[in-house]
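Following: one structure in structure tokens, then a few remarks.
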Amino acid sequence: MIGRILIPLALAMSAGPALSEDITRHPIPGSDFPISEAVEVPAGHATVYLSGFGPAVTDPNAEKNTVAAFGDTRAQTASTLAAIEAALKRRNLSLRDVVKMTVFLVVDPAKGGRMDFAGLMESYRATFGTAAQPNLPTRSAVQVAALANPGWLVEIEVTAVRP
């Protein structure tokens, strides 16, 4: 009787981790845009929600809380992604584990009243969809009226899944 219980239990325990590692990322059909259309996460994974992150000051000599202090959208995106990467690392995760991203962009004064989507994408493409980090999250990018810091053009929040 014990053997009939222990053998199936041992098989289930050995199969569990292998099955739970299979996160499926679905590309956008017919597109090379570097996001996933959908990401499927099987049961048993821990989900980690990171609050919105903004950029670090790049020019300490610039007036405090201005775009000049934080840089353009490209620079702010790179800085923000680096901060997210560090926060993930503190939790024994990496950018490879990100499954969902929401990007908030403010109008860039240098872009005639529009968000700088190209600046966002320049830094995003340097981080996601590369040979070193091919895992693509789902992502939304929206233009907002303002962020908490008046010098921020970018704020990003992510959801990661523990492998």
Side-chain angles (χ1 to χ4, degrees), residues 22-42 45-163:
D22 297 325
I23 294 172
T24 305
R25 295 169 192 266
H26 300 278
I28 299 171
S31 174
D32 65 351
F33 197 69
I35 64 173
S36 291
E37 180 178 66
V39 175
E40 290 183 54
V41 179
H45 282 72
T47 305
V48 180
Y49 302 92
L50 290 184
S51 292
F53 278 75
V57 170
T58 58
D59 183 354
N61 297 320
E63 184 179 340
K64 185 178 177 179
N65 296 331
T66 63
V67 172
F70 294 97
D72 64 8
T73 301
R74 183 201 53 74
Q76 288 195 24
T77 301
S79 173
T80 301
L81 290 174
I84 289 169
E85 185 173 29
L88 289 167
K89 187 175 183 178
R90 288 190 295 274
R91 289 154 183 85
N92 296 316
L93 295 166
S94 74
L95 292 172
R96 296 175 73 87
D97 302 312
V98 173
V99 295
K100 171 73 173 109
M101 177 182 292
T102 305
V103 180
F104 304 95
L105 295 170
V106 174
V107 167
D108 184 338
K111 298 293 179 186
R114 297 201 39 89
M115 66 181 182
D116 182 9
F117 190 75
L120 162 73
M121 289 306 296
E122 190 176 335
S123 289
Y124 177 87
R125 284 181 187 270
T127 307
F128 287 91
T130 66
Q133 203 303 89
N135 294 350
L136 299 176
T138 61
R139 191 192 76 202
S140 298
V142 297
Q143 180 174 307
V144 296
L147 294 169
N149 185 309
W152 287 3
L153 298 173
V154 177
E155 184 172 340
I156 301 173
E157 63 183 33
V158 300
T159 302
V161 174
R162 190 169 304 285

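The analysis underlying the following values was restricted to heavy atoms, covering all of them including side chains, and did not include hydrogens, waters or symmetry mates.
- When side chains are defined from C-beta on, V154 does not count as touching F104, because their heavy atoms never get closer than 4.5 Å.
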### Task
List the steps, then state whether side chain to side chain contact (heavy atoms under 4.5 Å, CB included) holds for M101 with L81.
CA-CA 11 Å; M101 177 182 292; L81 290 174; 4.0 Å; yes
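- Between the CD1 atom in I156 and the CZ atom in F53 there is a gap of 10.5 Å [rounded to 0.5 Å].
- Proximity of a side-chain donor or acceptor of Q143 to a complementary backbone N or O of V106 within less than 3.5 Å is not detected.
- Remark: Q76 CD to L147 CG distance equals 9.0 Å, nearest 0.5 Å.
- Across all their heavy atoms, A141 and F117 have their closest contact at CB-CE1, 3.9 Å.
- Nearest heavy atom pair, residue V161 against residue L93, reads O-CD2, 4.1 Å.
- Side-chain atoms of S79 come within 3.5 Å of backbone N or O of A56 as a donor-acceptor pair.
- Two residues are said to be in side-chain contact when any heavy atoms from C-beta on lie closer than 4.5 Å; R162 and R91 meet this criterion.
- Taking CG of L50 as the reference point, atom CZ of R90 lies at 9.0 Å (rounded to 0.5 Å).
- Judged by distance alone, with hydrogens and angles left aside, the side-chain atoms of S31 form no donor-acceptor pair with the main-chain N or O of P27 at under 3.5 Å.
- When the shell of 6.0 Å around NZ of K100 is examined, it contains more than 12 heavy atoms from other residues, nucleotides or ligands.
- A distance-only check finds no donor-acceptor pair linking the side chain of R74 to the backbone of E122 [under 3.5 Å].
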### Task
For I35 and F128, run side chain to side chain contact (heavy atoms under 4.5 Å, CB included): C-alpha distance rounded to whole Å, both residues' side-chain angles, the deciding distance at 0.1 Å, then the answer.
CA-CA 8 Å; I35 64 173; F128 287 91; over 6 Å; no
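- The heavy-atom pair separating P34 from Y124 by the smallest distance is O-OH, 2.7 Å.
- The CG atom of D97 sits 8.0 Å away from atom CG of N135, with the distance rounded to the nearest 0.5 Å.
- Between L153 and P109 the shortest side-chain heavy-atom distance falls below 4.5 Å.
- Closest approach of T73 and G119 over heavy atoms only: CG2-C, 4.2 Å.
- A cation-pi contact, defined as under 6.0 Å to the ring centre and within 45° of the axis, is absent between R139 and F33.
- Side chain of S36 to backbone of V39: no donor-acceptor contact under 3.5 angstrom is found.
- Between the side chain of T47 and the main chain of A160, no donor-acceptor pair closer than 3.5 Å is present.
- Between R96 and A132, the shortest heavy-atom contact is NH1-O, 3.1 Å.
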### Task
Apply side chain to side chain contact (heavy atoms under 4.5 Å, CB included) to the pair D72 and V67, showing each step before the final yes or no.
CA-CA 7 Å; D72 64 8; V67 172; 5.9 Å; no
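- In this structure, T138 and V99 have side chains that are not in contact, with every pair of non-hydrogen atoms separated by 4.5 Å or more.
- To the nearest 0.5 Å, atom OG of residue S94 and atom CD of residue E85 are 7.5 Å apart.
- When all heavy atoms of D32 and R125 are compared, the pair lying nearest together is O-NH1, 4.4 Å.
- To the nearest 0.5 Å, the span separating NZ on K111 from CG on L105 amounts to 12.5 Å.
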